[in-house]
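All ligand and atom numbering here is 1-based and tracks the order in the structure.
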Amino acid sequence: QAKAAGRNTVRFFDPEMQARLRERSVLEADLRLGLGRDELRLHYQPVVDAGGRILGAEALVRWMHPTRGLVPPLAFIPLAEESGLILPLGQWVLRQACQQLVLWDRRAATRHLNIAINVSARQFRHPDFIDQVEEVLGTTGANARRLKFELTESLLFHDVEDILGKMGRLRARGVGFSLDDFGTGYSSLSYLKRLPLDQLKIDQSFVRDLLTDPNDAAIVRTTLGLALSLGLEVVAEGVETEGQFDFLRRHGCRSFQGYLFGRPLPIGEMEQQQGLLD
Ligand code: C2E
Ligand code: MG
Ligand code: MG
Ligand code: MG
């Protein structure tokens, strides 16, 4: 035991570790400021049907750092979760997406489109989450039926009854639910049955080598079969080639997302690319 403690002490004074800790706290302070300074952006990536027609989009956050440039979400979302900044950040994302839905509602070409946002476990578990959603839906006037929350299996490490209750309340309000990165977490299949989900998203790590790795192909086929029998929609993530698209279609997948159809882009560029502008 003393040995273990000794090792921890040594790690704590490791200069590399110190530098990383310092870097983190600088970034956290920057993010706190950045939130107030309007440095966040939403990019939108199309989700398409088997004919390549747009069904909606996933909103993906970016941070325009004044000196570092565009910071990808994986570089600051974990930090935001640990520091609690995920709450104001998540609220901002939700408000932006709802405002976009209202704009889309005004035009015939975009009226039918959905927007999915990522909601992190820490954000969803927060006691104020439902009130925050109600507040944003109320002030923006967005149609909750066009809104989908992407959750990950990590949510299930916590009080599942509480999570089920919250999902039920939001669902009653019209919000849909998607299980993101499906297959990468540790959820048991029994949760799939209990959670009021509309959709599974097959993680891009299974799609990537679909055509060359028989194990990935088997996982994808099994997931599609499972989802079908549970009455869940499936979105394949990370579709980059026609070959992957064909395989997925042949095995019953109906919704697709990936660079083949469009990268995440600022709203105007995405609309232009998808032919949504008049
Ligand atoms: P995710 O929700 O699984 O989002 C999909 C990620 O895959 C996005 O990365 C997207 O740019 C990328 N992607 C899409 N198509 C392709 C493809 O064909 N090939 C490859 N290689 N990648 C593709 P991004 O935007 O860097 O986001 C990473 C993660 O950060 C997201 O994974 C999500 O977990 C998280 N995230 C993004 N925005 C938010 C947010 O507003 N709130 C929260 N809580 N998390 C967010
Ligand atoms: Mg997602
Ligand atoms: Mg995903
Ligand atoms: Mg992911």
Side-chain angles (χ1 to χ4, degrees), residues 31 34-35 39-48 52 54 56-64 69-100 114-126 129 132-133 136 147-155 176-185 187 197-211 220 223 233-245 248 255-267 269-270 273:
L31 183 58
L35 269 165
E39 289 172 6
L40 297 182
R41 300 285 178 272
L42 278 190
H43 282 186
Y44 290 84
Q45 185 178 34
V47 177
V48 305
I54 185 168
E58 177 174 5
L60 294 154
V61 73
R62 270 89 183 100
W63 178 17
M64 281 298 295
L70 203 65
V71 184
L74 292 179
F76 67 93
I77 291 288
L79 190 70
E81 284 174 354
E82 282 161 39
S83 62
L85 287 172
I86 194 68
L87 293 172
L89 188 155
Q91 182 83 337
W92 180 86
V93 168
L94 177 65
R95 191 178 304 280
Q96 287 289 120
C98 284
Q99 285 168 351
Q100 187 55 52
N114 301 305
I115 293 181
I117 66 168
N118 295 283
V119 177
S120 74
R122 168 114 193 237
Q123 187 188 352
F124 192 85
R125 272 164 33 221
H126 196 279
F129 182 68
Q132 292 190 335
V133 174
V136 173
L147 189 63
K148 200 164 277 161
F149 288 167
E150 297 193 0
L151 307 174
T152 59
E153 293 158 274
S154 60
L155 197 69
F177 288 101
S178 181
L179 194 58
D180 205 353
D181 305 340
F182 182 70
T184 62
S187 71
L197 294 168
D198 302 274
Q199 188 182 78
L200 297 182
K201 297 190 85 168
I202 300 184
D203 190 65
Q204 51 180 275
S205 61
F206 302 116
V207 174
R208 190 176 307 125
D209 302 320
L210 189 60
L211 301 177
V220 168
T223 304
E233 209 181 284
V234 179
V235 180
E237 298 193 281
V239 181
E240 295 186 358
T241 69
E242 289 287 348
Q244 292 164 341
F245 186 33
L248 289 158
S255 307
F256 312 83
Q257 189 178 346
Y259 295 169
L260 182 63
F261 313 103
R263 290 179 181 251
L265 290 172
I267 190 69
E269 289 173 49
M270 193 280 277
Q273 186 194 60

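- Neither the backbone nor the side chain of His43 comes within contact range of ligand 1; no heavy atom lies under 4.0 Å.
- Restricting Asp181 to its N/O/S atoms, the shortest distance to the Mg ion (ligand 3) is reached by OD1.
- Considering only non-hydrogen atoms, atom 46 (C) of ligand 1 lies nearest to Asn118 out of Ile86, Asn118, Asp203.
- A distance-only check finds no donor-acceptor pair linking the side chain of Gln123 to the backbone of Val119 [under 3.5 Å].
- Residue Val239 has at least one heavy-atom neighbour below 4.0 Å for each of these atoms of ligand 1: 18 (O).
- Near Gly258, the atoms of ligand 1 lying under 4.0 angstrom from a non-hydrogen atom of the residue are 15 (N), 18 (O).
- Here is the list of ligand 1 atoms found below 4.0 Å of a heavy atom in Pro264: 11 (O).
- Not a single heavy atom of Arg263 sits closer than 4.0 Å to an atom of ligand 1.
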Query raised in the report: Can you list the steps and then say if Thr184 with Ser205 is a side-chain contact (heavy atoms from CB on, under 4.5 Å)?
Result: CA-CA 9 Å; Thr184 62; Ser205 61; 4.1 Å; yes

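- Residues Leu260 and Thr241 are not in side-chain contact: their nearest non-hydrogen atoms beyond the backbone lie 4.5 Å or more apart.
- Taking all heavy atoms of Val93, Thr241, Leu94, Leu260 into account, the minimum distance to atom 41 (O) of ligand 1 is reached by Val93.
- For Glu58, the closest heavy-atom approach to ligand 1 falls below 4.0 Å.
- Residues Ser154 and Thr152 are in side-chain contact: their nearest non-hydrogen atoms beyond the backbone lie under 4.5 Å apart.
- Applying the 4.0 Å criterion to heavy atoms of Gln45 picks out, from ligand 1, the atoms 14 (C), 15 (N).
- When the heavy-atom distances from atom 29 (C) of ligand 1 to Val119, Leu74, Ile77 are ranked, the shortest goes to Leu74.
- Taking CG of Leu31 as the start and CG of Leu40 as the end, the distance is 6.5 Å to the nearest 0.5 Å.
- The OE1 atom of Glu150 and the OD1 atom of Asn118 meet at the Mg ion (ligand 2) at an angle of about 100°, given to 10°.
- Contacts of Gln204 with ligand 1, taken as heavy-atom pairs under 4.0 Å, involve the side chain alone.
- In this structure the side chain of Ile202 never reaches within 4.5 angstrom of the side chain of Phe182, judged on heavy atoms.
- Leu42 has its side chain within reach of Tyr44: a pair of non-hydrogen atoms, C-beta onward, lies under 4.5 Å apart.
- Considering backbone and side-chain atoms together, Glu81 places no N or O closer than 3.5 Å to any N or O of ligand 1.
- Ligand 1 has no N or O atom lying under 3.5 Å from any N or O atom of Gln123, backbone or side chain.
- At a threshold of 4.5 Å between non-hydrogen side-chain atoms, the residues Leu248 and Leu210 count as touching.
- Side-chain contact between Val47 and Asn114: absent, with no pair of heavy atoms (C-beta onward) separated by less than 4.5 Å.
- Close approach of ligand 1 to Ser120 is summarised as follows: ligand atoms under 4.0 Å from at least one heavy atom of the residue are 44 (N).
- No side-chain donor from either of Glu237 and Gln204 sits under 3.5 Å from a side-chain acceptor of the other.
- Every heavy atom of Pro72 sits 4.0 Å or more from the atoms of ligand 1.
- Classified by interplanar angle (parallel below 30°, tilted 30° to 60°, perpendicular above 60°), the ring pair Phe124/Phe177 is perpendicular.
- On a distance-only criterion, Gln257 and ligand 1 share no N/O pair closer than 3.5 Å.
- Gly84 approaches Arg122 most closely through the heavy-atom pair N-NH1, 3.6 Å.
- No other N/O/S atom of Glu58 lies as close to the Mg ion (ligand 2) as OE2 does.
- Put simply, the side chain of His126 reaches to within 4.5 Å of the side chain of Leu87, judged on heavy atoms.
- At least one heavy atom of Glu240 sits less than 4.0 Å from an atom of ligand 1.
- Counting heavy atoms from C-beta on, the side chains of Phe149 and Val133 come closer than 4.5 Å.
- Ligand 1 has no atom lying under 4.0 Å from any heavy atom of Ile117.
- Looking at Asp180 and the Mg ion (ligand 3) together, the shortest N, O or S contact belongs to OD1.
- In the candidate list Val61, Leu60, Thr184, Leu60 is nearest to atom 4 (O) of ligand 1, counting heavy atoms.
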